[in-house]
Amino acid sequence: MSFVTKPSKISLVIGASSVGTLIEWYDFYIFGMLATIISKQFFPSDAGTSALLSTLAIFAAGFIVRPFGALVFGRLGDIIGRKYTFLLTLVLMGGSTFAIGLVPGFATIGWAAPILVLILRLVQGLALGGEYGGAATYVAEHAPANRRGFWTSWIQTTATLGLFLALGVIIFIRSNQGVEAFSAEWGGWRYPFWMSIILVVVSILIRMKMSESPMFTKLKSEGKTSTNPLKESFGHKANFKMVLLALFGAVMGQGVIWYTGQFYAQSFIETVCKVEFVQSRNLMLWAILFATPFFVVFGYLSDRIGRKWIMMLGMLAGILTYRPIYQYFLDATNAKNRTEKIDLAHTISSEKIATVDVKDRTKILVVQKVDTAYLDGAIFSYTKTDTLHIAAEISDINASKIQYVQVNPLDGTQFDTVLLQLKSSAGLNLDTTRISDVVVLSKSAKPTILVEKTLDHATYWNLIWLVFVQILYVTMVYGPIAAFLVELFPTKIRYTSMSLPYHIGNGVFGGLVPFLGTLIVEFTKTTDNPAGDPLAGLWYPIGVASICLFIGVIYLTNKVDKEVMD
Amino acid sequence: MCLAPAIIWFLVAQAIQKIGLSTDLTRSNVTLQWVIILTIFTPICIGFFIFGYYGLKGEYDQLPTSSKDVE
């Protein structure tokens, strides 16, 4: 009996598998993309870096439970079939994503907010753990032996395309709403979560029309399905040792390369290099767009020349070039390497906005954004914050402006009246006609802070190409890996056996790249060096990929397994 | 095989050092971070140790080519 599916039908198989997998990746990634906003919404407002770390930890929690999802749904998939397990994972993912968008902020429900978000994130992780192994298995079991790498590589594009979709949706909403409306408690940042339910319903309708994997159907009709795939996968040494080899010789390195090239790159460019929000995400979109076809290229190539050396080369390239690439990111976005335009017409300052300090109402924080333009076209935006210490609290709480008389500190003469726009820290509407007079006792200034950088055209495109190169490494390690894993394990325990190392490698090793990278940089901060070493976080993916490369080169085989129909 | 216990030792040493250096304000946060890291990486290191043991025993000298080889 032949299990090879006709090319026309396999396109439908890939389409149905891919759409759902892509949506699941989208659901998973919007959380990471919005980590900065989520940390402000679901944690105390004064938590600072620890809130971001906690958010990244919740983000990582979703990755860490993926192996458990792999075990649970892998077992289901090997017992009841791929199709119905797929539907279940999709419903769970869509439902939990939609629900995250409905959780009120910390300001409304306190610590219940992050706890609820954590629980829903864990459900997302469990669902994703069950999705990928099934999708790759499903496609591979329909594909002809000499085209397995090519056909499964289409599934491999869905993770990156899910990231692309998440970025695109967020940029679209943010661009149309503006920063404040987007970042508000019930602002536009929730829309990508709510949109998920529509995408999931469409995907469910498509998947309901899918037929079960023919290999699984045959096994079931012959009564040869596994009754305990977990025990067969991990209780028998012969299979367990292959699970370990898959993890430590291939997927562990693939996971860190994947997350460094995409997530860590985006996070580094935005938070360390401080590239402006929309520009940093557009940069990623371009790089992903150019690199995505290479998943299929390397999948196709792996059918011709074997899978091992393509994956190993991708890891080696990352190990050798990550530090130079990220050093270039730092240098290219550094103000020290630029010539400022000494031209007052090109130094743009925004209006000063005053806000009353909620903890001490005799302090007024005056913030002004100042843009500095450079000859190459870059614009760096700074925030200047002064603190006015006033004699008494503002009497008129509805006044939209305050004014005070500037006094020469040397001789006490008055020389100017300053009028400032007042913004309500409680979000109240203020009366635009009312002005409140205040007496300023003293004024203190904080150091000017660099807020964001809008890059010049040349630097922007250089960064795009360097991110493209990193994603190229991703396509090399990730393109062939679905076929590689499918060929490693027999049909009756395939869903379980390949899912676990895949989700440990990607979920644990890969998913922890942003969190551990940020943490390692924090550890390098000292009193003498408060900024720390911004490149220190790269040692984690470089170290893990190096170990994996060593093991993979020695122990993996480059032989393509023609026979998986057993 | 030796790398696995070395990694565990390194992580435990780092955890002790970092928790010891933390202030009263940050101690609970830092402790939680390291508990999570150790909880995740300890079973992985155990698996790594087993992998090294199998490697030394020559289990990977000949990889299986069919399902019968893993039954």
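The model shown is predicted, which means the values in this text are computed figures rather than measured ones. Sequence lines set the chain letters: A, B, ... in the order given, protein chains first and strands last, and positions in each chain run from 1.
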Legend entry - Heavy-atom closest pair, residues A/K241 and B/Y60: O-OH, 2.7 Å
Inset, instruction - Give, for atom CD of B/E59 and atom CG of A/L245, the distance between the pair rounded to the nearest 0.5 Å. - result: 11.5 Å
Inset, instruction - Give a yes or no on whether B/F41 atom CZ has more than 12 heavy-atom contacts from other residues, nucleotides or ligands under 6.0 Å away. - result: yes
Inset, instruction - Please round to the nearest 0.5 Å and tell me the distance separating atom CZ of A/F248 and atom CD1 of B/I50. - result: 8.5 Å
Inset, instruction - Nearest 0.5 Å please: distance from the CZ atom of A/F523 over to the CD atom of B/Q17. - result: 9.0 Å
Inset, instruction - Check whether B/I44 gets within reach of chain A through its side chain, its backbone, both or neither, counting any heavy atom under 4.5 Å. - result: both
Inset, instruction - Could you tell me the separation between the CG atom of A/L244 and the OH atom of B/Y53, rounded to the nearest 0.5 Å? - result: 13.5 Å
Inset, instruction - Measure distances from A/L516 to the heavy atoms of chain B and classify the residue's part below 4.5 Å as side chain, backbone, both or neither. - result: side chain
Inset, instruction - Examine B/F51 together with A/Y555 and report whether their ring centres are nearer than 6.0 Å. - result: yes
Inset, instruction - Could you tell me which portion of A/I504 (side chain, backbone, both or neither) has an atom closer than 4.5 angstrom to a non-hydrogen atom of chain B? - result: side chain
